[in-house]
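Have a look at the structure below before the remarks.
In this text, all values refer to a predicted model and were calculated from it rather than measured experimentally. Chain identifiers are assigned alphabetically (A, B, ...) following the order of the sequence lines, protein sequences preceding nucleic acid strands; residue numbering begins at 1 within each chain.
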Amino acid sequence: MRPKVCLVLNSFATFNRAWTQILRNLGIDYTLCTATSGGASANIQTPQGVFSPSSDDLRNYFRQFDAVILCDNTNSLSTTSLINYSVFWMRWNAPEDPPFLFFNPHFSTAITDSAYNSNFPSDFPIVRPNPSDIPNTLYAADGGSSTGGDPLAQTQLRARGACVLFVAENIRAHVQTICNTHTNYIPYYWRLDTDKHNALANTTYTHRVARNGRAGEILAVPAPPTSSEDTETYPSNCIVAYRYRNIFWLPHAMTRLQRGVNLWDSPVNPFLFWLLYGLQLAGVRPRYKLPVQVETDHPLQGFRASDNPPYPNTVVMQILEASWDWMRDFARRKNTAIVNGVVVGTRYRSSNPHHHWRMLYDSSLYSQETRDAAMRVHQILLAAHREGTLPCGVHDHTIGNTRGYWGSATNTNFVRHSGLQYGAPNNVPIARGRCCVAPHVLPSGVAPDTAITVQVGDTEMMEWDHTMSGTGTTFDLPMDNIHAARVIIESEIEEMLALGFPDGYCAGHKYTNTAGNNSGGECYWQALKEFGFRGVRSSDSCTGINIKRVVPNRLWHGFHLVGRQNIDTYDLAFCFGLYTTAPSSDDAVRFYALDHSNDISTNWTTQPVAAWRAYRRVLCQVMGIWLHATAVGLSGAYFHAPGTQMCVDASSPSAILAPFDGWSRLGPYNTPHYNHAVEIFTNMDAIVQLLPDVLYWGTITDVMDHRERVMSG
Amino acid sequence: MPVRFLRNASELADVSMESPLPVQVANAKPVPADTLLVATTGVTTDANRDLLGSTSTELPTLDGCGQYRKLVWFYFRASDAATNYRILARATDHNGAPLGTGWQELVPPTTLPGGANSWNRIEIPASGDGYYDQYRIEIQRTAGSSNYTLTSKIIGVR
Amino acid sequence: MNAERITRREMLKRLIVAPVGAAALATLPVREGAAAALQPYYEPYFVAVLWEGRTRCDSLWRSLKGDVVAILPTVQGATPYDRLYWTGYALGSAPVHVTMRVLARAVDHNGVPLGAGWRPIGQATIQTPPQRWFRVEIPEGHWDEYRIEVRSATPRLVYSRVIASQGYWKE
């Protein structure tokens, strides 16, 4: 089975290369064809020749593909020429013809091209948008407010919210949905001509993509509200996705930017769900399904008094206990593993006293009650690490000025382990030797007896004349060399063992997520490999002092440098909620710039629907980022469990885990309760259920395996 | 008449895709060219902005390049707005740590060749051999009124 | 042309030694002459045949493969090569007057060109007596894809090959 699609576009100069990156990751072959213009008279350049868009030659050419995808779209309904050439394809409906996937298609009445208008199917049931009469041809979506910029060009901010009901599957999911937009930057849904739809729905039609055997099918509509507070409703003829014979009319699927996907990262494309759903509907069976997984940082963490948290640390621990128990059960049921970066270092180093070891054992800072509550959380993590549902790895904010590996040039007063697990520490080098010569060019007799061999990657050096640590535990540690890396990592793993974990690298995954997303550089990667790691999460700038970048393909001698995408809901210490009226609060709406035309802030205290609007937008934004990490970057989406959970109703374990219910359940700031972990896992599970041919719940090992499969060497 | 050659010292064979002329050197491995970077850069008037958009002046654009004799920078520029590029390079030790701060300037701020919607190519270094471990490639628009996109690909040649 | 016995050594000489009809690219220098004209960074070069075949030239700019589809390359995957050569001869008994041009572009790691169109490397006119070898050197290497186009006022059949050279490590 060799899945193959054809992408039709106007110009490589305006092409978002995430289209091809996703297809590559899915193992779907593709051919790129260009149109010589946007008009109905354009020619289509294909590897087999230049064809008229209405020609039998082109039709026969298309029949070799599993789907034909149109990549061009516009943010102006007044555009007169864009994909006019595709009008002929709307009549290519024989069983041998492939399905055609239109995303945010331009079919406005502003098109004056007579060939387009005369060939546009008269029985097509979606009302053509009229830029001069938008209210009667489209439905304004998501509150009908204008976005702070072109909604089609947004990346990890300014999402538009939607809850979509997928009719045949009977599944509700929050996915960013923009059917069309205009220069007013308002998102719109389509208006169905119900008479035409009824006629199509009563017409039998045979094609492999016509799952109900009918010529017309409503695929998705705005989901009806679940609360009387939510007054954002749509008429019964409002739709967001439709199948007309073998033609799929779907919302916007790709950020409207000419962006390369460099070998490391790319700007977030938050609309990808619809591309994946389109492939699913068209029956394009990828060679590879993509593993969905997520990571957390700091699974056990309290808050300092200076952070002004809403709950005392004892309650924070209760929140974490309930949430981790829920996540552990979710991972078990879905056969995934939620990787967690445990903050190590606080056993020996004095910074970050609100992290793991200190929460468990520091009686000078925390009461017995708090420490007992922390221990209950810790025991869940220990048991879940062993069973594979919540594997934990090292994550050290106590070094490098809290920025982790090579976070600073020198780590002053570094304190290493004092010997509980490994025995008393030795006198070891802590800096590069003053003299370093490659062994094959080293004259005999030059190196002293104290010279040692060091290998970093392919480079082997004889080093001598080192700065040594002594046998003590405290010294200034230059962070730029493999000796320092080994000392640091050994100390980190020692603390994990002392905490009761059997290892420091997420068990069989041999991975961890790094503090500050700093993986160091070659010397750290070498040291991590020596300790048995297969990979770590890393920014492309991989030190805290901005002097190094990761290798181009993020694979260094078999060691993975997995990319990162943050899906928190706050900026500083913790999330106050979806939104609060406090002027400088750290809330999700402000974090993701979701207050479009102030329609949340101005209505928050007067219109309960504003909370539901905020909820939809936050979820759609996070899902968009997470799907981008899954499908484009093959990278690690991650969030901080403690920080995102501070806006829950903590009155009981069941309250902590309760789904969002608007103003019926409140969190600590007189703002609706919101449990980020429960919501994003539940919503992503709905998406995975909608895309059984494309996605599956997997693990970081699946991600690293797949990276080796599809990334260039 | 087809082109023919002597194969195995005794038989005449037609030249074809399946039996090309025997010009391959024995017991040798061709030197590959590695793709190191593919990026779209928004070219602005900001000083010290590299191809990946960073203004951190000590941060390299490319790292781990010590094995490459030269880099070749291909780019497609969307606009002819006057633009300068600058190429910096330095070596690191075997731990990956730069030998010092700052950079060796291989190319001072120089006009970026090419007009609107044009393809261009720059070798790094322009003459001689490279083998630097880190390179920083900066780009800055110096005239015109609008920022534009520059799509680049850099390969390393051994 | 009459059939003849020819040694391998003789055949190689005919390819590498200066052809009678050498062409100069309009914007780039061309070297004529013997194998010593090859500029080694390290020598000798590894040479690969990228394409070989016959092209029916007419008044349209056609790729060596015969198509007039402007977005299609003649050769792909040419990244490792630092120099290309186009060599061949025109069949028939009339004097040769064939125009050629070389276009190039780079693609990303998924095979998508970085932008629209091509970079024009150069253009040349092959003017030789009938049945003479010609060779054009394309010194701007390491582009991923090249499109080599030919046209002729009077229809001609051109038999040619594109070879490319890159350095190698001796094992």
Side-chain angles (χ1 to χ4, degrees), chain A residues 11-17 21 257-267 406 409 431-433 436-438 454-461 463 478-485 520-527 539-543 545-553 556-557 712-713, chain B residues 32-42 48 50-68 71 74-79 90 92-103 116-119 133-137 147-156:
Chain A
S11 170
F12 297 124
T14 56
F15 183 62
N16 187 329
R17 290 143 203 284
Q21 186 68 38
L257 286 176
Q258 197 284 14
R259 296 311 297 251
V261 177
N262 69 45
L263 294 177
W264 313 333
D265 297 294
S266 85
W406 209 333
R432 185 192 71 212
C436 310
V437 183
V454 165
Q455 181 161 357
V456 180
D458 287 337
T459 305
E460 191 178 3
M461 304 292 272
E463 292 189 355
M479 299 196 81
D480 62 353
N481 63 90
I482 191 170
H483 309 293
E522 293 94 319
C523 52
Y524 284 85
W525 308 335
Q526 177 72 36
S539 281
D540 59 277
S541 169
C542 53
T543 68
I545 48 176
N546 286 335
I547 59 168
K548 293 196 64 61
R549 283 209 192 263
V550 295
V551 288
N553 64 349
W556 183 81
H557 296 278
S712 56
Chain B
D34 298 331
T35 300
L36 304 180
L37 174 146
V38 174
T40 302
T41 311
N48 306 121
D50 82 339
L51 288 183
L52 297 176
S54 169
T55 52
S56 297
T57 54
E58 288 291 317
L59 185 63
T61 309
L62 294 168
D63 203 338
C65 294
Q67 61 185 304
Y68 299 113
L71 308 185
F74 303 94
Y75 62 88
F76 179 89
R77 59 181 296 180
S79 162
R90 66 189 178 193
T92 70
D93 67 9
H94 52 289
N95 288 307
L99 300 187
T101 58
W103 300 85
N117 296 313
S118 69
W119 293 83
D133 293 291
Q134 297 183 332
Y135 294 84
R136 179 173 172 83
I137 300 165
N147 297 333
Y148 66 92
T149 54
L150 183 80
T151 306
S152 299
K153 172 178 180 174
I154 298 178
I155 65 169

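Counting heavy-atom pairs closer than 4.5 Å to chain B, the top-ranked of the candidates A:Thr459, A:Thr543, A:Asp480 is A:Asp480. Of the residues considered (B:Ser152, B:Gly64, B:Gly42, B:Pro60), B:Pro60 shows the highest number of contacts with chain A, using heavy-atom pairs under 4.5 Å.
Residues passing the side chain to side chain donor-acceptor pair (under 3.5 Å) test with A:Glu460, sequence neighbours excluded: none. Residues forming a side chain to side chain donor-acceptor pair (under 3.5 Å) with B:Ser118 (at least two apart in sequence, or on another chain): B:Asn120.
Rounded to the nearest 0.5 Å, atoms CG (A:Asn553) and CG (B:Leu37) are 12.5 Å apart. Note that the NE2 atom of B:His94 and the CG atom of A:Asp458 stand 14.0 Å from one another [nearest 0.5 Å].
Proximity to chain B is absent for every atom of A:Trp556, based on heavy atoms less than 4.5 angstrom apart. Residue B:Arg77: no heavy atom, backbone or side chain, is found under 4.5 Å from chain A.
Here the closest non-hydrogen pair linking A:Pro552 and B:Thr35 is CB-O, 4.4 Å. Nearest heavy-atom pair, A:Glu522 versus B:Asp63, reported as atom, atom and distance to 0.1 Å: OE2-OD1, 4.1 Å. Between A:Lys548 and B:Gly96 the shortest heavy-atom distance is NZ-O, 2.9 Å. When all heavy atoms are compared, the tightest approach of B:Gln134 to A:Ile547 is NE2-O, 3.1 Å.
For the pair B:Asn95 (side chain) and A:Ile482 (backbone), a donor-acceptor distance under 3.5 Å is present.
Residues A:Arg549 and B:Asp50 meet the side-chain proximity criterion, which asks for heavy atoms closer than 4.5 Å.
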